[in-house]
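For reference, the structure discussed in these notes is given below.
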Amino acid sequence: MINVTKSYLPSLSEYVTYLEGIWERGQLTNHGPLVLELEERIKQYLGVRHFFFVNNGTIALQIAIKAANLKGEVITTPFSYVATTSSLVWEGCKPIFADIKTGYCTIDPKSIEKELTNQTEGILATHVYGNPCDVDVIAEIARNNNVKVIYDAAHAFGVEYKGQSVLNYGDISTLSFHATKLFHTIEGGGIVTSDDELAHRISYMRNFGHNGPEEFFGVGVNGKSSEFQAAMGLCLLPRMNEIIDLRKSICERYRKNLINLPLEYLKIQEGTTRYNFSYFPVIFETEEMLIRVLNTLKNNNIIGRRYFYPSLNTLDYVTNNLHNSNSENLSSRVLCLPLYPDLKLEDIDTISSIIQSVFRHNE
Ligand SMILES: *Cc1c(COP(=O)(O)O)cnc(C)c1O
């Protein structure tokens with residue numbers, strides 16, 4: 001079986017070397033030496049000022065929303081993983097959906113401006129598939145309207161915009177290091193900010209609010225991760241450039257194999273100086289064709305995923321303020337094909353020829 005993704009694993013002996021160190025020290029969690037080392041190395045790799053390793057990408061979003069003090073209306077994208085919207089609702093905010101730019105799949109700044117009111121407290125946008133949002137235009141909108149910007153950058157590890165990490169844009173960016181993500185720590189996540197005051201809030205909020213053993217800065221939660229998860233990150237981090245190159249060549253082979261078909265691909269934001277090939281989304285002309293391809297692949301034990309379907313404005317626990325949106329239209333027609341570093345060339349070719357055969361039978 002070929003799944004849409006497969007977790008990258010280091011050699012077992014490399015991981016065991018880290019485990020031996022954990023056994024010697026006896027410290028399993030609570031900001032141990034491996035967590036601190038991973039935080040330092042990620043900060044260097046990404047070129048960011050503050051980085052906090054947390055236990056998943058959802059708690060990263062929740063802490064970011066709390067640290068930014070968002071409580072009311074937040075303009076957000078309907079085209080993302082459900083955690084983007086559910087974290088807002090979980091934190092007591094009201095998601096207001098802005099539509100997306102078809103092709104790019106990211107939030108449309110023009111639509112953000114339409115949804116802005118004097119109730120708007122913030123913007124939560126996703127660099128979906130690692131494709132940077134219009135970060136300069138959004139920064140301008142935020143400045144003019146005095147609202148905070150959080151980026152769900154769960155897909156954007158290693159992405160650079162205008163020569164620096166895209167995580168440096170916005171007040172806070174959050175990452176997911178779940179096993180299915182480009183860079184993973186089994187379960188895990190990260191929070192990035194360049195603002196020292198926000199960094200202070202984030203650092204105590206992820207540790208129960210502690211200021212020493214008996215005092216508290218304020219309310220907090222348990223966002224800590226363990227030495228075991230940090231060890232996985234330390235094994236994978238040195239491989240990231242190689243992993244991104246492998247993914248790039250897989251995407252190029254798919255594109256070459258499928259070149260004659262009426263399919264559209266992600267348009268990468270102008271100004272992107274490094275893309276990470278975290279997903280390979282394919283956009284069909286109709287949902288019917290997508291379903292035919294998805295089912296035929298499944299009959300051959302190949303699992304594509306409808307990232308991201310349904311459009312989040314249609315969830316039954318939100319107010320749907322968008323109808324007939326680009327997001328609903330796109331989410332019904334987009335399929336992510338299997339993409340992981342050790343996907344074999346012959347498997348890419350098999351997947352491609354199955355897709356070709358579905359189109360041939362449709363003629
Ligand atoms: C994976 C993902 C999350 C959630 O991350 P977890 O680490 O699984 O909690 C949030 N937002 C987006 C866009 C994601 O893809």
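Just so you know, ligand 1 is whichever comes first in the structure, and atom 1 is the first atom listed for that ligand. Worth knowing before you read on, the calculation uses all heavy atoms, side chains too, and leaves out hydrogens, waters and symmetry mates.
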Next item on the list: Do me a favour and list the nearest non-hydrogen protein atom to atom 1 (C) of ligand 1 with residue, atom name and distance?
Entry: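 For atom 1 (C) of ligand 1, the nearest protein heavy atom comes out as Lys181 NZ, 1.5 Å.
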Next item on the list: For atom 4 (C) of ligand 1, grab the closest protein heavy atom and report residue, atom and distance to one decimal in Å.
Entry: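 Atom 4 (C) of ligand 1 sits closest to the protein heavy atom Thr58 OG1, 3.6 Å.
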Under 3.5 Å: N/O of [X] near N/O of ligand 1:
X     : answer
Gly57 : yes
Ser80 : no
Tyr81 : no

Check: Do the side chains of Ile100 and Ser327 get nearer than 4.5 Å, heavy atoms only?
Finding: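 In short, these two side chains touch, coming nearer than 4.5 Å.
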Item checked: Any Tyr317 side-chain heavy atom under 4.5 Å of Ser86 side chain ->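 Yes - at least one pair of side-chain heavy atoms lies under 4.5 Å apart.
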Item checked: ligand 1-proximal atoms of Asp152, by part, heavy-atom distance under 4.0 Å ->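 Answer for Asp152: side chain.
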Check: Which is it for Glu187 and ligand 1 at heavy atoms under 4.0 Å: side chain, backbone, both or neither?
Finding: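 No part of Glu187 comes within reach of ligand 1.
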Check: Pick one: which of Arg333, Arg292, Arg306 meets salt bridge (charged side-chain N to carboxylate O under 4.0 Å, His left out) with Glu287?
Finding: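 Answer to the salt bridge (charged side-chain N to carboxylate O under 4.0 Å, His left out) test with Glu287 among Arg333, Arg292, Arg306: Arg306.
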Next item on the list: Give a yes or no on whether Arg41 atom CZ has more than 12 heavy-atom contacts from other residues, nucleotides or ligands under 6.0 Å away.
Entry: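 Yes - once you tally the heavy atoms of other residues, nucleotides and ligands closer than 6.0 Å, there are more than 12.
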Margin query: Quick check for you: to the nearest 0.5 Å, what is the distance between Ile42 atom CD1 and Phe52 atom CZ?
Written below: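 Separation between the atoms: 13.0 Å.
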Margin query: At less than 4.0 angstrom from any non-hydrogen atom of Gly188, what atoms of ligand 1 do you find?
Written below: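 Counting from 1, the qualifying ligand atoms are 7 (O).
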